[in-house]
2 protein chains.
Amino acid sequence: MNQQALKKYDSGKYRTPDGYTSDIAVFTIHSEKREHKPPIVSMMLMLIQRTEITAEGTPNIEGGKWALPGGFVQPDETALEAAHRELLEETGVRGIHMKHYGVYDRPGRDPRGWILSNAHYAIVPEDVLKGRKASDDAEDVQLFRLEDLKSIQLAFDHEQLISDAIREIRSDLLQTTAAKNFLPEEFTYSELQAVLLTVTDDPAIKSEQSFARKIKTLPFIQEAEGKTTARTSKKPAKLYRFVEMDIIKPIYTARY
Amino acid sequence: MNQQALKKYDSGKYRTPDGYTSDIAVFTIHSEKREHKPPIVSMMLMLIQRTEITAEGTPNIEGGKWALPGGFVQPDETALEAAHRELLEETGVRGIHMKHYGVYDRPGRDPRGWILSNAHYAIVPEDVLKGRKASDDAEDVQLFRLEDLKSIQLAFDHEQLISDAIREIRSDLLQTTAAKNFLPEEFTYSELQAVLLTVTDDPAIKSEQSFARKIKTLPFIQEAEGKTTARTSKKPAKLYRFVEMDIIKPIYTARY
DNA sequence: AAAATAGTGTCTCTTAGACACTATCGG
DNA sequence: CCGATAGTGTCTAAGAGACACTATTTT
């Protein structure tokens, strides 16, 4: 009976979109080491510069402008799968944290027609971006400090996508255990603290001593018993791990 | 130059989706009054039952099963706008809280083809659903208590959409000021408490005295000076209002 | 010894949350 | 005056966050 219904379904009854795409905001944390000073830690976003000319030799849409990497979703995959595939194609990176954060479908957002975009953000440790390469459609691939994004020309509505991505990652870093994706499996309290300080200046997180104490009481962080590292200081430091759990901290019970 | 690029763009280069739809999980809170006892307050979800036969007299896809209201997005609107329009068409409700929470695009999720769905949830006060009516495609419209959803036949992948919606609204009620959409402009602490208790059993929220005290210290809630109501009890109770602001409460600084 | 990060001792102030109590009003 | 909801008084234990201090290692 569903079979009959199926035959009768007329897909021409409604206009259909001209394209279904996935875009990806790839974030990484860059740590700039300095002699005799603490490193400068900042969050960076990867962008690609669109070529002026396509592979076929014709002028490219929004050529020369910077954009989030992305591309068309294929009928046999989800937008999230497409995002993973495209990130792999664009940068050679696989198996990293990826999260959908928005749909962009405002009529007229893309001059090529009715084109829908699913926006994702990805978090990659800094070193995996070392081996990145420009692809066919990209003139150049580059990391930008978030503060520097204001001064560059962005394609389509990517200014909007990027500002939404930044808001989303900020909130996720502070309200979920997403920070683990910026860190090695086992990390010191100061490494976690450095990640969080890229998105907040909360005094409780800023104070070394408070944070060193607090980390031991958090139910979603576990001490790696007996293990230490000296990679962040001369004195060996304890290592911690994230424990998988989801956390809802009601705003109605917290302190202000 | 972008003009030339535009002409050259071949939209047939990629396969395009067969449909772009919006679905809406409409939640309301039902308060069942009882003689000499506190009311039973529970969260309800509105579903429609799909007709067995379409308007054209042919068997309907997934006929007889229950589903979220929704429909096709038109090229001149966003999915969010479509969700508002469809809710208005289905139920006569307008201007209410609506939030996108997910994209459903798994290949094969809809037997009619490559059909994408944007899922939204909406929050409506109970009384506006009074005037609801079944539309062309719907046999019946009904509110279900969340616990009762397990026992009914759901169309397409709506079981997934619904369980995601419940998780999303639960988290939003506790971590944002979304609860205001279930309440009148000005409300008593016990009314807010009743809403929150539909999604949590946190002792700090459950205890009347704790909650009555806590509400006065929350920066996003303001006392309506001098105003009281007797609608919830014999003794007149103070009224409160939500103040617009966005709140990020880091999990790293909270108490456990 | 100096420099740098890791981490603890201890104090003060605030808050959570429990328990007992009072307040207001309708029936 | 009973019952129901609203709201306060008061206590205790726990935590936040600040400051001063100690610990471990490299140069």
Side-chain angles (χ1 to χ4, degrees), chain A residues 31-41 186-197 200-219 221 223-240 249-256, chain B residues 31-41 186-197 200-219 221 223-240 249-256:
Chain A
S31 182
E32 190 179 327
K33 302 258 178 348
R34 296 176 303 167
E35 284 300 317
H36 305 302
K37 300 228 167 150
I40 298 176
V41 177
E186 300 187 328
F187 51 88
T188 67
Y189 81 82
S190 62
E191 289 173 325
L192 172 57
Q193 188 185 22
V195 170
L196 298 178
L197 287 178
T200 188
D201 57 358
D202 188 313
I205 289 174
K206 222 166 181 175
S207 154
E208 283 174 35
Q209 297 96 323
S210 288
F211 198 74
R213 279 211 171 86
K214 189 73 199 181
I215 198 169
K216 291 186 226 160
T217 74
L218 299 173
I221 291 183
E223 207 176 309
E225 296 289 346
K227 297 201 194 168
T228 58
T229 182
R231 67 174 172 254
T232 57
S233 85
K234 290 149 189 182
K235 173 171 178 181
K238 283 188 192 148
L239 286 168
Y240 298 87
K249 228 19 266 174
I251 56 176
Y252 299 97
T253 64
R255 254 179 133 137
Y256 288 94
Chain B
S31 183
E32 191 179 326
K33 302 258 172 356
R34 295 177 305 168
E35 285 299 315
H36 305 303
K37 298 225 171 153
I40 298 175
V41 178
E186 301 188 328
F187 51 88
T188 68
Y189 80 81
S190 63
E191 289 173 325
L192 172 57
Q193 188 186 21
V195 170
L196 299 178
L197 287 178
T200 188
D201 56 358
D202 188 312
I205 289 175
K206 223 168 182 173
S207 154
E208 283 174 35
Q209 298 96 324
S210 287
F211 197 74
R213 279 212 171 85
K214 189 74 199 179
I215 198 169
K216 292 185 227 163
T217 73
L218 299 173
I221 291 183
E223 210 176 307
E225 297 288 348
K227 297 200 193 170
T228 59
T229 181
R231 65 173 174 255
T232 57
S233 84
K234 291 153 189 182
K235 172 169 178 180
K238 284 188 192 149
L239 287 168
Y240 298 87
K249 220 39 250 178
I251 56 176
Y252 298 98
T253 65
R255 264 181 124 135
Y256 287 94

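Protein chains get the first letters and strands the later ones, always in sequence-line order, with residue 1 at the start of each.
- At a threshold of 4.0 angstrom between heavy atoms, the contacts of A:Q209 include nucleobase atoms, whether or not backbone atoms are also involved.
- Residue contacts for A:A212: at a heavy-atom cut-off of 4.0 Å it reaches no nucleic acid atom on any strand shown.
- Atom CD of A:Q193 is separated from atom C1' of C:dG7 by 13 Å (rounded to the nearest Å).
- The CZ atom of B:F211 sits 15 Å away from the P atom of C:dA18 (whole-angstrom rounding).
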Query raised in the report: Going through the checks in order, is the side-chain contact (heavy atoms from CB on, under 4.5 Å) test met by A:Y189 and A:K216?
Result: CA-CA 9 Å; A:Y189 81 82; A:K216 291 186 226 160; over 6 Å; no
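- If you take OH of B:Y189 and P of D:dG7, they are 6 Å apart, rounded to a whole angstrom.
- Atom NZ in B:K235 sits about 19 Å away from atom C1' in C:dG27, given to the nearest Å.
- Backbone-only engagement by B:S190 is indicated by non-hydrogen atom pairs under 4.0 Å involving sugar-phosphate atoms exclusively.
- A:A204 comes within 4.0 angstrom of sugar-phosphate atoms only, judged by non-hydrogen atoms across all strands, and of no base.
- For B:K234 and B:Y252, each mapped to the nucleotide of DNA chain D holding its nearest heavy atom, the one lying further toward the 5' end belongs to B:K234.
- A distance of 12.0 Å separates CG in B:D201 from CG in B:L196, rounded to the nearest 0.5 Å.
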Requested in this report: Take A:Y252 and B:D202 through the side-chain contact (heavy atoms from CB on, under 4.5 Å) test and state the conclusion after the steps.
Outcome: CA-CA 10 Å; A:Y252 299 97; B:D202 188 312; over 6 Å; no
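- Distances were taken from every side-chain heavy atom of A:K216 (C-beta onward) to each of C:dG17, C:dA6, C:dT8; the shortest belongs to C:dT8.
- In this structure, CD of A:E208 is placed 13 Å from P of C:dT8, rounded to the nearest angstrom.
- Side-chain contact check for A:V41 versus A:L197: every heavy-atom pair is 4.5 Å or farther apart.
- Atom P of nucleotide C:dA18 and atom CG of B:D202 are separated by 10 Å, given to the nearest angstrom.
- Residue-to-nucleotide contacts include a donor-acceptor pair under 3.5 Å from the side chain of A:R213 to the base of C:dT10.
- Atom pair A:E191:CD and C:dT5:C1' shows a separation of 12 Å (rounding to whole Å applied).
- The residue A:T232 sits close only to the backbone: its heavy atoms come under 4.0 Å of sugar-phosphate atoms, none of a base.
- Two residues are said to be in side-chain contact when any heavy atoms from C-beta on lie closer than 4.5 Å; B:T228 and B:L239 fail this criterion.
- Between the CG atom of B:L239 and the P atom of D:dT5 there is a distance of 17 Å, given to the nearest Å.
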